[in-house]
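A short write-up of the structure that comes next.
Values below: all heavy atoms of this structure, side chains included; hydrogens, waters and symmetry mates excluded. Since we're looking at a predicted model, the values are computed, not measured.
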There are 2 protein chains.
Amino acid sequence: MGQDKVSAVARPPKDNSPITEHLAYLLAQANREINRQLEMRLSKEGVPVEQWRILKVLSDGNGHSMGELADAVLLNHPTLTKMVDRMVSDALVYRVQDPKDRRKVLMFVSDRGKALSKRLNSLAVSQEEHIVESYGDKSTNELKRLLESLIDSSN
Amino acid sequence: MGQDKVSAVARPPKDNSPITEHLAYLLAQANREINRQLEMRLSKEGVPVEQWRILKVLSDGNGHSMGELADAVLLNHPTLTKMVDRMVSDALVYRVQDPKDRRKVLMFVSDRGKALSKRLNSLAVSQEEHIVESYGDKSTNELKRLLESLIDSSN
DNA sequence: TTGAAAATATTGAATATTCAACAATTGAAG
DNA sequence: CTTCAATTGTTGAATATTCAATATTTTCAA
């Protein structure tokens, strides 16, 4: 009698499903938790997660415009501008006007920024290793694959 | 020669891997995008995502303490207090002091809040249906399963 | 029973984010 | 070429979030 309960999670949620069955909620919850953990690790260097992202993106050595960078690090423009101001004060990055298009500003990482980036990367990698330990290799890779594909399908 | 490239994503990221290979980044990116979409739908009712969550949790009809609610809706306490203040002004929810433990405040949803909650649920469900359409039934359910299990393994 | 510690919620100040307006430059149509 | 629209980045004001301190109530040990 009744249908099989093949999995705890099935079909799009109904009006009265608990919020924990909504994809949007599960993503927010997982993101919050993982981000909190990463934040704790990075606090050893006194740096917020967003600055790790910025330094990592700039660490390819190329100049990146503010717009490009904002997309890459998941911040909107004014927020990025203000965070970059702070990082310039801390001598982690610097601005150069783009000679090809003088509306643009190209961001570069300084030597000091590169050194910090290395230390932050270690912390971030170690966090992910810790996740893989408790969550498993397969699950981690499968989850990453599905997230990438969700993002692709949303564009 | 070299190892098989079974998947684009393999193993924990190295120091120099692009940021897009980090689980923490993929989660943030996916969450941002899905949240943005949901936000757009809910803007029809002029309500932020967090208020949908609050109304949905309270819609079980039971009283929920602020602490309980803060956990459930992924907000920290002061932020929730202030958002609830607004919702009380809008007559969507109301506070009752818990008679069993007078430190606590129990939150309840009003009739007006219930009505709004219904409309918001429709919008949220329709969003998820839209995701399922482009992303697929199987992927969606598999992703939900993996997210739940990641959250479990992080406690 | 009393007093100290813990739990719960709120407040106000400090900080951060967002929105809308602006300035500068480029692109493109007439 | 000139002008107008689009692009890019920044700024300041409005809004929201967070941190630390506070008030209240409960718990628990002495």
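Here the nucleotide nearest the side chain of B:R102, chosen from C:dA16, D:dT25, D:dT17, is D:dT25. In this structure, of C:dT25, D:dT17, C:dT10, it is C:dT10 that holds the atom nearest to the side chain of B:M66. For B:R103, counting side-chain heavy atoms from C-beta on, the closest listed nucleotide (D:dT11, D:dT26, D:dA16) is D:dT26.
Distance A:N76 CG to D:dT15 P: 17 Å, rounded to the nearest Å. Rounded to an integer number of Å, the gap from NZ of B:K104 to P of C:dA6 is 18 Å. Rounded to a whole Å, the CE atom of B:M83 is 8 Å from the P atom of D:dA16. One can place CG of A:L75 at 18 Å from P of D:dT8, the figure rounded to the nearest angstrom. One can place CD of B:Q97 at 8 Å from P of D:dT26, the figure rounded to the nearest angstrom. The distance from atom NE2 of B:H77 to atom C1' of D:dA16 is 18 Å, rounded to the nearest whole Å. Going from atom CZ of B:R86 over to atom C1' of C:dT10 covers 14 Å, rounded to whole Å. The NZ-C1' distance, from A:K100 to D:dT8, rounds to 18 Å in whole Å.
Side-chain contact of B:T140 with B:D137: a donor-acceptor pair under 3.5 Å is absent, judged by distance alone. No hydrogens or angles considered: a donor-acceptor pair under 3.5 Å links the side chains of A:T79 and A:N76.
Under a 3.5 Å cut-off, the side chain of A:K144 and the backbone N or O of B:E21 do form a donor-acceptor pair.
Across all non-hydrogen atoms, the minimal contact from B:D71 to A:Y25 is O-OH, 4.4 Å. Residues B:A28 and A:L74 share a closest heavy-atom pair of CB-CD1, 3.7 Å.
When the side-chain nitrogen and oxygen atoms of A:T81 are compared with OP1 and OP2 of D:dG9, none of them lie within a distance under 4.0 Å. Between B:R95 and the phosphate of C:dA9, there is no side-chain N or O to OP1/OP2 separation shorter than 4.0 Å.
Residue whose closest nucleotide on DNA chain C sits further toward the 5' end, between A:D98 and A:T79: A:T79.
Side-chain to base pairing of B:K82 with D:dT15: no donor and acceptor N or O lie closer than 3.5 Å to each other.
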